[in-house]
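Structure, as structure tokens:
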Amino acid sequence: MGCDGVTRLVVVSNRVGDLDKMEAAGGLAVALGAALKDTTGLWFGWDGTVVENNGDSLAPKLTRFNSVTTATIPLRRSDYKNYYLGYSNRVIWPTFHYRLDLATHRAAFIDGYKQANARIADQLVKLVSPRDLVWVHDYHLIPLAAELRRRNIDNRIGFFLHIPFPPPDIFLANPDHAWLIETLFSFDVIGFQTTSDLENFRRYVREHAKGRLESEDRLCAFGRSVIARTFPVGIDADFFHHMAHSPEAHGQIRRLRQRTLNRKQIIGVDRLDYTKGLPDRLRAFRRLLELYPENIKTVSLNQIAPPTREEVTAYVAIRKELEGLSGEINGEFGDFDWTPVRYIHRAVSRDTLAALFRGSAVGLVVPLRDGMNLVAKEYVAAQSEADPGVLILSRFAGAAEDLQEALIVNPYDRDGVTNAMQRALNMSLEERRERHRALFKRVCKRDAKHWYESFLAALKSCSPKRAA
Ligand code: ADQ
């Protein structure tokens, strides 16, 4: 990478994005794709395939895309089950999103998580050179630095948590809380999305791990010291704005308006995940039609929700609930010439998304809990200065810390969300412009480049660690 001409960047994440298409529905792939676009480096992760436990090779497959090489490995079947579906997505994901009720603790899950991280480290060490900066992403790989240190890797290693970090009272409910935190201290830099995530982490370290704050951003515990700071993730705002204003986007918006007879559109775009508050928003939309019937036949809700993690029961349940609700609303309110809710259960290309955002009067981003939420930033970036739409944003999305000029709502308060929709649909052009100007400025300032440059600057400021 152009890091400093000498060091190379090695990014490690659960999945490696498709650098050719970047159509993947997932915030991490989108953010890292933008970060790696103008660098040279290595991106290491799972290729999405599963092999049988014995015999098949886990050796990385190298592929070059311009200046970035991807190195991908398959997962063993037991790791897929216990590390990926099990500990990562049935323990850490729900717990870190404050959903203790959905966490399933099994010995096989935590054992699998540890073993898979050790196997990933075995493959990764073959590719790491002494001067590389190693940047590990997200909750699947919390113990990776400890595994690398065990293999005598003393490079600078950073970690960025894309999801929230819960308050100590919730974190303590995870039987492995002490181990998870100790293992994090093998990194040199730990990055969080928001100040409340960072504060939750600091509180745990101070109150439950005998740690102390050494300086404004340095924490000491377990005889080691790490930089712990916020690095709110951003998007390539310029690129997204231009994509939403291309001649192709104009054509798509014109066709959308013709098809919908110029009715106002509310748009939601989220992976189909229980953290995203999808059923609640459909209920809030139904309430909008009940409380403010002038919206009947004049407003539609387009919800794009591609499938994820379909082998986890909680995800099957949410899909059923959503399909049931959209069917009910359409049955109750729809007519031959108007469909109130359009629900699309697949990924769409980035340029189509940009056009849809621009063509929609309201962006509805109301997760129950979210690390950041890039859709909120994409919706802002896609708007036209002259006639911008209105962003409705959950106070529990990390993005709300920065995007205060959105209409901030409590996603658990259905009537509050309904009233925000009504307000957004009727907001004066002057107020829309004023809010959008402020939001767009922030989204541009704290963009993807700012995110990765500030993280890497912090990582480079550390002196290489000796193996623990
Ligand atoms: P996610 O939970 O995946 O990411 P989010 O930040 O909203 O959530 O990112 C989703 C990305 O996928 C967006 O760029 C969006 O445009 C895209 N996407 C969603 N649906 C799509 C569809 N149908 N077709 C095409 N693209 C689609 C995690 C955390 C977030 C955090 C990010 C980045 O959960 O809180 O913001 O990582 O750190």
Side-chain angles (χ1 to χ4, degrees), residues 11 13-15 17-18 21-35 88-89 92-94 96-99 135 137-140 159-165 191-194 196-197 230-237 239-240 243-244 267-278 302-309 315 318 322 342-358 360 363-382 391 393-394 396-403 443 446-448 450-452 455:
V11 165
S13 58
N14 174 53
R15 289 300 298 273
D18 185 339
K21 295 204 228 86
M22 289 316 299
E23 279 182 19
L28 187 141
V30 169
L32 280 175
S88 299
N89 286 317
I92 304 189
W93 178 270
F96 282 40
H97 286 89
Y98 300 48
R99 291 297 303 270
W135 191 7
H137 290 262
D138 233 1
Y139 60 101
H140 313 83
F159 177 76
F160 185 77
L161 184 68
H162 289 256
I163 64 175
F165 191 89
F192 297 94
Q193 299 274 27
T194 67
S196 58
D197 299 325
T230 58
F231 302 91
V233 67
I235 60 163
D236 189 342
F239 180 75
F240 209 83
M243 202 155 56
I267 189 156
V269 175
D270 313 73
R271 285 184 306 98
L272 211 170
D273 195 295
Y274 53 80
T275 60
K276 303 287 185 185
L278 291 153
N302 293 314
Q303 179 62 55
I304 305 178
T308 45
R309 305 171 199 167
Y315 289 77
I318 190 92
L322 205 58
R342 258 186 241 102
Y343 165 53
I344 296 159
H345 187 52
R346 61 166 189 279
V348 300
S349 66
R350 313 261 329 131
D351 49 348
T352 300
L353 264 192
L356 285 172
F357 284 144
R358 194 183 148 203
S360 302
L364 192 56
V365 180
V366 281
L368 303 177
R369 188 67 57 179
D370 216 331
M372 175 56 61
N373 196 299
L374 296 180
V375 172
K377 298 191 173 186
E378 290 166 354
Y379 180 78
V380 168
L391 174 65
L393 181 59
S394 160
F396 302 124
E401 199 167 282
D402 213 21
L403 302 184
V443 169
R446 292 197 165 195
D447 64 356
H450 179 266
W451 171 65
Y452 70 79
F455 189 95

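We count ligands from 1, going down the list as the structure has it; atoms in each ligand are counted the same way. Treat the numbers as computed from the prediction; the structure is a model and nothing was measured.
Residue D370 has at least one nitrogen or oxygen atom sitting less than 3.5 Å from a nitrogen or oxygen atom of ligand 1, judged on distance alone. Not a single N or O atom of D270, backbone or side chain, sits closer than 3.5 Å to an N or O atom of ligand 1. In terms of polar-atom proximity, defined here as any N/O pair under 3.5 Å, L374 does make such a contact with ligand 1. The shortest N/O to N/O separation between H97 and ligand 1 does not fall below 3.5 Å. Distances between N or O atoms of V348 and those of ligand 1 include at least one value under 3.5 Å.
Against a heavy-atom cut-off of under 4.0 Å, W93 is close to the following atoms of ligand 1: 34 (O). The contact set between ligand 1 and L353, taken as ligand atoms under 4.0 Å from a residue heavy atom, comprises 16 (O), 25 (C), 26 (N), 27 (C). Close approach to V269 involves these atoms of ligand 1, each under 4.0 Å from a residue heavy atom: 19 (C), 20 (N), 21 (C). Set against the non-hydrogen atoms of G371, the atoms of ligand 1 under 4.0 Å away are 35 (O). Within the listing of ligand 1, atoms 23 (N) sit less than 4.0 angstrom from a heavy atom of R346. The contact set between ligand 1 and I304, taken as ligand atoms under 4.0 Å from a residue heavy atom, comprises 23 (N). Counting atoms of ligand 1 from 1 in the listed order, those under 4.0 Å from a heavy atom of K276 are 1 (P), 2 (O), 7 (O), 8 (O). Contact atoms of ligand 1 toward R271: 1 (P), 2 (O), 3 (O) (distance under 4.0 Å to a heavy atom of the residue).
Between F231 and H450, the closest side-chain pair of non-hydrogen atoms is not below 4.5 Å. Residues I304 and L353 are in side-chain contact: their nearest non-hydrogen atoms beyond the backbone lie under 4.5 Å apart. Looking at heavy atoms from C-beta onward, V375 lies out of side-chain contact with D270 at the 4.5 angstrom threshold.
The only option from F159, Y452, W451 that meets the ring pair (Phe, Tyr, Trp, His ring centres under 6.0 Å) definition with W135 turns out to be W451.
Using a 4.0 Å cut-off between heavy atoms, V233 contacts ligand 1 through its side chain alone, with no backbone atom that close.
Taking the six-membered ring where the residue is Trp, the centroids of F96 and F165 are separated by under 6.0 Å.
Here the OH atom belonging to Y315 is positioned 3.5 Å from the CG atom belonging to D273, to the nearest 0.5 angstrom.
Using a 4.0 Å heavy-atom cutoff, F357 is absent from the residues neighbouring ligand 1.
Between L368 and G277, the closest heavy-atom pair is CG-CA, 3.8 Å. When every heavy atom of P164 is checked against every heavy atom of Y98, the shortest pair comes out as CB-CE1, 4.4 Å. Taking both residues in full, the closest heavy atoms of I163 and D138 are given as N-OD1, 3.7 Å, listed atom of the first, atom of the second, then distance.
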Intermediate values then yes/no, side chain to side chain contact (heavy atoms under 4.5 Å, CB included), K276 and R271: CA-CA 8 Å; K276 303 287 185 185; R271 285 184 306 98; 4.2 Å; yes
